[in-house]
Structures are given as C-alpha cells and as structure tokens.
Amino acid sequence: EVQRCQGAVERTSQAAMRMPEVGAATPSEQTLCFKCEVACLSKTKPVAFTAQQASSDSSRQGARWSPDGSGKHCRPRAQNGEVSGVQKRARKEASTMTHEDWSKLSMAMNKLKTEGKLEKYATMFSEGMPPEDPTFMNFQNLPWFRHFLFDFETDLQVVAKDCDLTLPYWSGCNEVSSAGLRNSQLWEPSHLGGKPTCQGGGDNKCERATVNSAKKCDADADRWCLGDGIAGGW
C-alpha cells in the first residue's frame, strides 16, 4: 500500500514537471501565484439554422397541432389527425440568430407584456421560489426553472402563432476576451439592447460605465432603464 502511494506521488510530480510555467499577467494572479486561463470545450462556432433547414425539418415532422397552449400544443399529428409524440423544441445559440429571429422574439415578448402575462411571470419568478428552503434549493430548484422556462416559451409560441419560436441560449466560448461581456452582440439595439460604454479603466476593468440609449431608473439609481432592444421603453 505504501509503495503504491509513493508511486502515485512520483507520477504526480513527474506530470507537474512537464507542465509549462507561465508568468502572472495581473497583480491578482501574482498574489495568487498562478495564472488563470479560460478553456472552452467547444472550439467551433454553432451552425446557424437556415430557413430552408427549418422548412425541411417541418416537412419531416408532418402536420402539428396549433400553438394553443393546450395539452396538444404543437405536438405532431398522425395521418388520422390524432396527436402522436411530443413537441420538439430546438433552441438556437444567440450569435446564430438572424434578424428575422430577433424580430419574432421581440414581437412575442412585447405582446406578452401588452396582455399582462409578462408581469405574471415576473411576479412568479420573484415570489415563487423559496430560497430559504434547503429542500427546494437542493432538489427542486432546477426542475422549477425548467418548468418555468417551458411555460414561458409556450406562451411566446402562442402569441406568435409559431411552434418553432424558442428562447435562445448564449455560449461564452464564442465571445471570449477581456472585454467580451461588454462587447457582446447580445447588447445590440436590434437584440437585447443596453450596450454599455466603458469610460476609463482600459480593457480589463470598467471604472465608469454608461448604457447606450438608456437612462437611470427613478426607482433605483444603480440600475438603467433600457431605451432600445427587446425591452426598449418598458
């Protein structure tokens, strides 16, 4: 047992000797005595869906139930008209979304707000979770979020009358840089809006940030009310 332990220690030491040494790039890294690097598992950019591909997918799926929010919502239908199987939802990475995709999402979000349903989801999100309950946070948290997103996405499809409309996701591996968060395409006026502008501090930090086409919120001076993007003017 002792020999096996000694062998493991020796192999670990040999592996450490083969690792290239790198110098600290920032004062924080020098204090921590090591260099931090971002490693992304995905080296390739997600492939964008094309309208032709979407049309082809729909034809393979055959007829679907209408997006009505019922138990049959957007589920595939057999030749006899009965629903069969479950609805397939393909979410797109945000950087692959077209101008038409963002327009559809914006229209649906604004329609939900007009109908008062967006406020319902905002209230549910802020009041529906008991963060002080360890049972919920440890075991029910993720299922709760999945159901919340599923219902929200379903209502978006209903108001848009589009079974293929889905919420996007964002991969940080596509915009990795020291200022990647501030320069992300997500903050463009035709996307989520609220692109920040940094004043001072260089690329690694932002001492004073302002948000384009936005104003400080009356209710909270530390927050900005957006003037462009999906939620522009809300």
Side-chain angles (χ1 to χ4, degrees), residues 46-131 133 135-137 139-171 186 188-194 225-226 228-234:
V47 179
F49 285 100
T50 65
Q52 188 175 16
Q53 287 174 321
S55 176
S56 177
D57 289 342
S58 297
S59 63
R60 284 197 299 269
Q61 290 177 359
R64 290 179 291 184
W65 196 268
S66 60
D68 58 3
S70 69
K72 299 180 180 180
H73 174 90
C74 291
R75 292 171 60 185
R77 301 173 64 177
Q79 292 184 350
N80 61 3
E82 296 295 326
V83 295
S84 175
V86 297
Q87 178 195 9
K88 177 182 177 181
R89 301 189 182 190
R91 290 181 176 143
K92 301 178 182 179
E93 204 280 326
S95 65
T96 70
M97 291 176 63
T98 64
H99 177 72
E100 183 182 3
D101 292 333
W102 282 106
S103 296
K104 286 182 178 180
L105 181 60
S106 178
M107 181 277 296
M109 291 280 286
N110 278 274
K111 195 165 184 180
L112 275 188
K113 178 173 174 59
T114 301
E115 295 181 356
K117 292 183 179 180
L118 196 64
E119 184 177 356
K120 178 194 72 173
Y121 280 105
T123 302
M124 185 187 306
F125 185 83
S126 61
E127 300 179 2
M129 294 182 293
D133 184 354
T135 301
F136 175 83
M137 297 305 293
F139 303 105
Q140 300 171 344
N141 190 18
L142 292 180
W144 188 94
F145 270 101
R146 288 178 65 86
H147 204 300
F148 179 90
L149 290 175
F150 179 84
D151 289 344
F152 183 57
E153 198 172 60
T154 298
D155 274 344
L156 286 174
Q157 292 177 350
V158 172
V159 296
K161 296 180 174 57
D162 187 350
C163 291
D164 295 318
L165 177 64
T166 54
L167 292 167
Y169 69 94
W170 178 72
S171 172
L186 287 175
E188 295 296 332
S190 59
H191 296 172
L192 296 183
C225 293
L226 300 183
D228 58 15
I230 288 179
W234 285 8

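H99 places a side-chain heavy atom less than 4.5 Å from the side chain of S103. Contact annotation: the side chain of S84 never approaches that of R77 to less than 4.5 Å [non-hydrogen atoms, C-beta and beyond].
Residue K120 qualifies as enclosed at atom NZ: its count of foreign heavy atoms under 6.0 Å is above 12. Annotation: Q140, atom CD; neighbour count of heavy atoms from other residues, nucleotides and ligands within 6.0 Å is above 12. Applying the 6.0 Å contact sphere to CZ of F125 captures no more than 12 heavy atoms from other residues, nucleotides or ligands.
No hydrogens or angles considered: a donor-acceptor pair under 3.5 Å links the side chains of T98 and D101.
Here NZ of K104 is found 8.5 Å from CE of M107. Values are rounded to the nearest 0.5 Å. Taking CH2 from W234 and CG from L118, the interatomic distance works out to 4.5 Å, rounded to the nearest 0.5 Å. Note that the OG atom of S106 and the NE2 atom of H191 stand 10.5 Å from one another [nearest 0.5 Å]. Put simply, CG on D228 and CG on L192 are 10.0 Å apart, with the number rounded to the nearest 0.5 Å. To the nearest 0.5 angstrom, M129 atom CE is 7.5 Å from M137 atom CE. Atom CG of L105 is separated from atom CG of L167 by 6.5 Å, given to the nearest 0.5 angstrom.
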In sequence, state the C-alpha distance, the side-chain angles, and the governing distance for S95 and E93, and then conclude on side chain to side chain donor-acceptor pair (under 3.5 Å).
CA-CA 6 Å; S95 65; E93 204 280 326; 2.2 Å; yes
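Not a single side chain to side chain contact (heavy atoms under 4.5 Å, CB included) links S126 to another residue, sequence neighbours left out.
T154 places no side-chain N or O within 3.5 Å of a backbone atom of G69 that could act as its donor or acceptor partner.
Note on ring orientation: taking the six-membered ring where Trp is involved, the planes of F148 and F152 are parallel (angle under 30°, cut-offs 30° and 60°).
Partner Q87 forms a side chain to side chain donor-acceptor pair (under 3.5 Å) with one of R75, Q157, R64 and no other, that one being Q157.
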